[in-house]
Number of protein chains: 2
Amino acid sequence: MSATEPSEAVVNAWVGLMRAQQVALQAIEADLKQAGLPPLGWYDALLELRRAEGGALRPLELQQRLLLAQHNVSRLIDRLEEAGHVHRSPCSSDGRGQMVSITESGRALLDRMWPIYRAAIAAHVGARLDNDADATTLARLLGQLAARG
Amino acid sequence: MSATEPSEAVVNAWVGLMRAQQVALQAIEADLKQAGLPPLGWYDALLELRRAEGGALRPLELQQRLLLAQHNVSRLIDRLEEAGHVHRSPCSSDGRGQMVSITESGRALLDRMWPIYRAAIAAHVGARLDNDADATTLARLLGQLAARG
DNA sequence: CCGATCTGGATGCAGATGCATTCATCTTGA
DNA sequence: TCAAGATGAATGCATCTGCATCCAGATCGG
């Protein structure tokens, strides 16, 4: 499987990965927008913050969890801060760094987004899989692709 | 599977889909850039043109095949034309439309990109799957997600 | 035949991303 | 201890995407 010449099955998996993500993401983003909600990226970032100890993370940690480029995280935080969903404060242990914490507004936004997001996942992903076993298999194989190494 | 409340397996499949695509795409795009080649979008568009009868398609057809927004197709064609890889000509059957055809330069670019692209797929997708059966299963399940309906 | 409407495609503008550089602070080693 | 390098984060600029609108040519109803 690791030759420079991928098998046809591997190429099909790759093409399918691109297509499936494109189709599902477009549909889910459309549902969010339809409901007057911000893009998924905001949800992902706020969710990581809420999960974190104290509801706060360093930008660098956020960057690693979201797999985004440094400058994109910086600007995502700009937008979230502008909208009042996060708050920047200086970092006590490292003068270069800072702490980004989720605000009440940010937590409320997560709560507002999840019902829509959840329904969109069910509609655009769940409804296209035949059963839970398929979903589990898919998740396992996709997990292998995303594993670092 | 189509309740408004997706099962945990479905949510895991969705998260895995986003992650796997992000990781694989970033890695493959990086390999292309490393080799001094243009982004994947160019490959996709040129490939559709080369596959098409006469090496030409209407922008609308390209749009449907690539699942891109109309204005993005228009601008992708701008860039490809600017680089000499495609050629716009008026459409005989519909005065509003046009034909976009792949040039020799475009065909040559496809041929230059494929070895790098192929190796990247093998390295970043193939190498992470245990065997061809897994690749086939993955492709099948992803195909269900992308199927229109 | 012709005006109303629809459709294929382009474009202006705002928002987002990639890339290189910059700035400040932290770390290291002589 | 302090200069040299490394690291966390921001920013200027070009490219790309999203969105609304616009334009020209096609289609349809009377």
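Keep in mind that what you see is a predicted model, and the values were worked out from it rather than measured. Proteins get letters first, then strands, A, B, ... in listed order; numbering begins at 1 in each.
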Participant: For B:Q63 and D:dG18, give me the distance from atom CD to atom C1', rounded to whole Å.
Facilitator: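 Rounding to the nearest Å, CD of B:Q63 and C1' of D:dG18 are 14 Å apart.
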Participant: Over how many whole Å does the gap from A:R88 atom CZ to D:dT11 atom P extend?
Facilitator: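 Taking CZ of A:R88 and P of D:dT11, I get 8 Å after rounding.
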Participant: Please report the interatomic distance CG(B:L57) to CZ(B:R65), rounded to the nearest 0.5 Å.
Facilitator: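 That separation rounds to 5.0 Å.
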Participant: Going through the checks in order, is the side-chain hydrogen bond (donor to acceptor under 3.5 Å, both in side chains) test met by B:H85 and B:T103?
Facilitator: CA-CA 5 Å; B:H85 300 312; B:T103 63; 5.0 Å; no
Participant: Which part of the nucleic acid does B:R58 contact within heavy-atom distance under 4.0 Å: base, sugar-phosphate only, or nothing?
Facilitator: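 It contacts sugar-phosphate atoms only.
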Participant: When you match A:P39 and A:Q70 each to their closest nucleotide on DNA chain C, which lands nearer the 5' end?
Facilitator: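 Upstream on the strand: A:P39.
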Participant: If you take atom types as modelled and just measure distance, does the side chain of B:R75 reach the base of D:dG18 with a donor-acceptor pair under 3.5 Å?
Facilitator: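 Pair found.
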Participant: When all nucleic acid strands are considered with a 4.0 Å heavy-atom cut-off, which category describes B:D94: base, sugar-phosphate, or nothing?
Facilitator: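 Sugar-phosphate: the residue B:D94, judged by heavy atoms under 4.0 Å, touches backbone atoms but no base.
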Participant: Does B:E8, at its CD atom, have more than 12 non-hydrogen atoms belonging to other residues, nucleotides or ligands within less than 6.0 Å?
Facilitator: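 No, not enclosed.
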Participant: Between B:S74 and C:dA10, is there a side-chain N or O to OP1/OP2 distance below 4.0 Å?
Facilitator: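 Checking C:dA10 against B:S74, a side-chain N or O does come within under 4.0 Å of OP1 or OP2.
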Participant: Between D:dC16 atom P and B:H71 atom NE2, what is the distance in whole Å?
Facilitator: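 Those two atoms, NE2 and P, are 13 Å apart.
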Participant: How long is the line joining CZ of B:R96 and P of D:dG25, in whole Å?
Facilitator: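 In whole Å, D:dG25 P lies 10 Å from B:R96 CZ.
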Participant: Rounded to the nearest 0.5 Å, what separates atom OH in B:Y43 from atom CD1 in B:I116?
Facilitator: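 Going from OH on B:Y43 over to CD1 on B:I116, the span is 11.5 Å.
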